[in-house]
There are 2 protein chains.
Amino acid sequence: MNIKDVSVRVGLPAKTIRYYEEIGLVTPDRAANGYRDFSAAHVHTLTFLARARGLGFSVEDCRELLALWEDQGRESADVRTIAQQHLAQIEEKIAGLQDMAATLSDLVRGCAGDARPECPILQGLAGETAQTSCEKLP
Amino acid sequence: MNIKDVSVRVGLPAKTIRYYEEIGLVTPDRAANGYRDFSAAHVHTLTFLARARGLGFSVEDCRELLALWEDQGRESADVRTIAQQHLAQIEEKIAGLQDMAATLSDLVRGCAGDARPECPILQGLAGETAQTSCEKLP
DNA sequence: CTTGACCTTCTAGTGACTGGAACCTTTATG
DNA sequence: CATAAAGGTTCCAGTCACTAGAAGGTCAAG
């Protein structure tokens, strides 16, 4: 199967697939004309990669997961450990973003959004308290 | 003020501050010996940057916000617009991550974490249903 | 035979830094 | 006064995971 068909099937840009070959995540065969030739197994691997990357696993995580995936003798505990670590990271990220969102929406809520130059958002970003006075600056 | 002191004060690595100068976000003076010399205003700008970046604004967002911040005549509506767009982006990200977390924790929950080679996590990542059978593969 | 859609490789750019080398200046200490 | 350390400077290269674009080869349809 040529790269474009694979690309459509697994939902990854052709460029990305070539890149994955470059870094050794897939190694498609080559046809006589030099075109990459992907087997069903390669497509399966790429589907795996697309999904894992979509779930936020880093490429190096993916490499590890792929190795486990292809290793018939691996312990599912290893996989579970990686997944759990990753889950913890995601949850941390979510918490961080929620913090951000809360701060930002506080700032937005305090902002009249009119033509006056006083803007609580900028004041907030500048580290001031969200009041109009500037006298307490350090 | 020398770069290290600024670095400590605003909580940005010296390298980052130099980088911000390179891309034109701050332009500290220079002492006779060639050292960067930061005024209180520069420190204030960097504090602003640290905070805005910490809230996830891109450097280009920051450039825009800085311009608004320094523009006495700007409309607070402009700032509000940027902040709201950003807030929307953050909320999208959170939703995406929550999706991920849900999928992953489903997978983790389904995984015995023992020594058997069947692993629902890998099966899930491979796009299979989380059952032990492989017969329904496309 | 030509057109257009593919394919190939290669180089370079992105964002937002970060690390390291090579060298200069200031300050404290023996 | 010599020296060592702790700071400063510039510049080049690397990170991550692609992405863009150029220059050229190949293939199927009309």
Side-chain angles (χ1 to χ4, degrees), chain A residues 1-39 42-43 45-66 86 89-90 93 96-97 100, chain B residues 1-39 42-43 45-66 86 89-90 93 96-97 100:
Chain A
M1 194 188 283
N2 280 353
I3 199 165
K4 187 66 176 297
D5 301 316
V6 178
S7 160
V8 169
R9 229 185 236 223
V10 310
L12 287 175
K15 288 255 181 197
T16 302
I17 297 174
R18 286 192 200 102
Y19 171 70
Y20 285 170
E21 179 183 10
E22 196 187 315
I23 62 172
L25 290 180
V26 234
T27 39
D29 306 324
R30 292 292 174 142
N33 57 11
Y35 286 18
R36 287 169 182 82
D37 185 18
F38 296 84
S39 71
H42 294 132
V43 172
T45 297
L46 285 166
T47 307
F48 183 100
L49 284 170
R51 204 144 144 61
R53 290 283 304 125
L55 281 169
F57 286 95
S58 77
V59 163
E60 287 317 303
D61 282 342
C62 288
R63 200 189 295 282
E64 227 174 313
L65 287 168
L66 262 184
H86 188 62
Q89 280 169 22
I90 290 177
K93 256 193 202 172
L97 284 171
M100 270 185 215
Chain B
M1 195 189 284
N2 281 352
I3 200 167
K4 186 69 176 295
D5 301 314
V6 177
S7 161
V8 169
R9 230 186 235 220
V10 309
L12 288 174
K15 284 259 182 194
T16 302
I17 297 174
R18 285 192 200 103
Y19 172 70
Y20 285 170
E21 180 183 10
E22 197 186 315
I23 61 172
L25 290 180
V26 234
T27 38
D29 307 323
R30 293 292 175 141
N33 57 11
Y35 286 18
R36 286 169 183 82
D37 186 19
F38 296 84
S39 70
H42 295 132
V43 172
T45 298
L46 286 166
T47 306
F48 182 101
L49 284 170
R51 204 146 144 61
R53 291 284 302 125
L55 280 169
F57 286 96
S58 76
V59 162
E60 287 317 304
D61 282 342
C62 287
R63 200 189 296 281
E64 227 174 312
L65 286 169
L66 261 184
H86 187 61
Q89 280 170 22
I90 291 176
K93 259 194 202 171
L97 283 171
M100 273 185 214

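By convention in this document, chain letters (A, B, ...) are assigned in the order of the sequence lines, proteins followed by strands, and residues within each chain are numbered from 1.
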Q. For D:dT10, does either OP1 or OP2 sit under 4.0 Å from a side-chain N or O belonging to B:Arg36?
A. yes

Q: Report the distance from atom CG of B:Leu46 to atom P of C:dC17, rounded to the nearest whole Å.
A: 12 Å

Q: Tell me which nucleotide among D:dC18, C:dT18, D:dT9 gets nearest to the side chain of B:Lys15.
A: C:dT18

Q. Nearest-Å distance, OH (B:Tyr19) to P (D:dT15)?
A. 18 Å

Q | 5' precedence on DNA chain D between B:Ala14 and A:Val59 (nearest-nucleotide basis) | A | B:Ala14

**Q.** Separation between CZ of A:Phe57 and CG of A:Leu66, rounded to the nearest 0.5 Å
**A.** 11.5 Å

Q. Among C:dG19, C:dC10, C:dC6, which is the nearest nucleotide to the side chain of A:Tyr35?
A. C:dC6

Q. Could you give the CG-to-P distance, from A:Asp5 to D:dC27, as a whole number of Å?
A. 15 Å

Q.
If I take atom CG in residue A:Asp37 and atom P in nucleotide D:dC27, what distance separates them, rounded to the nearest angstrom?
A. 13 Å

Q) What does A:Ile3 touch in the nucleic acid at a heavy-atom separation under 4.0 angstrom: a base, only the sugar-phosphate, or nothing? A) sugar-phosphate

Q) Rounded to the nearest 0.5 Å, what separation is found between the CZ atom of A:Phe38 and the CD1 atom of A:Ile17? A) 5.5 Å

Q. Can you tell me how far P of C:dT11 sits from CD of A:Glu22, to the nearest Å?
A. 11 Å

Q: Ignoring the backbone of A:Arg53, work out which of C:dT8, D:dT19, D:dA17 is nearest its side chain.
A: D:dA17

Q.
With a 3.5 Å cut-off and heavy atoms only, can you find an N or O donor on one side and an acceptor on the other between the side chain of B:Lys4 and the base of D:dA6?
A. no

Q. OP1, OP2 of D:dC11 versus side-chain N and O of B:Arg18: anything below 4.0 Å?
A. no

Q: Indicate whether OP1 or OP2 belonging to C:dT18 is found under 4.0 Å from a side-chain N or O atom of B:Thr16.
A: yes

Q. For A:Leu25 and D:dC18, what is the distance between atoms CG and C1' respectively, to the nearest whole Å?
A. 13 Å

Q) So how far is it from A:Leu12 CG to A:Tyr19 OH, rounded to the nearest 0.5 Å? A) 12.5 Å

Q | Spacing between B:Ile23 atom CD1 and C:dA16 atom P, to the nearest angstrom | A | 8 Å

Q) Roughly how many Å is it from CD1 in B:Ile17 to P in D:dG7, rounded to a whole number? A) 14 Å

Q.
Quick check for you: among C:dT25, D:dC18, C:dG20, whose closest atom lies nearest to any side-chain atom of B:Asn33?
A. C:dT25

Q. Looking at the side chain of B:Arg30, which of C:dT18, C:dT8, D:dT10 is the nearest nucleotide?
A. D:dT10

Q | Distance (rounded to the nearest 0.5 Å) between A:Thr27 OG1 and A:Glu21 CD | A | 7.5 Å

Q | Pair A:Glu60 + A:Arg53: basic N to acidic O under 4.0 Å | A | no

Q) Of B:Tyr20 and A:Phe38, whose closest DNA chain C nucleotide lies nearer the 5' terminus? A) A:Phe38

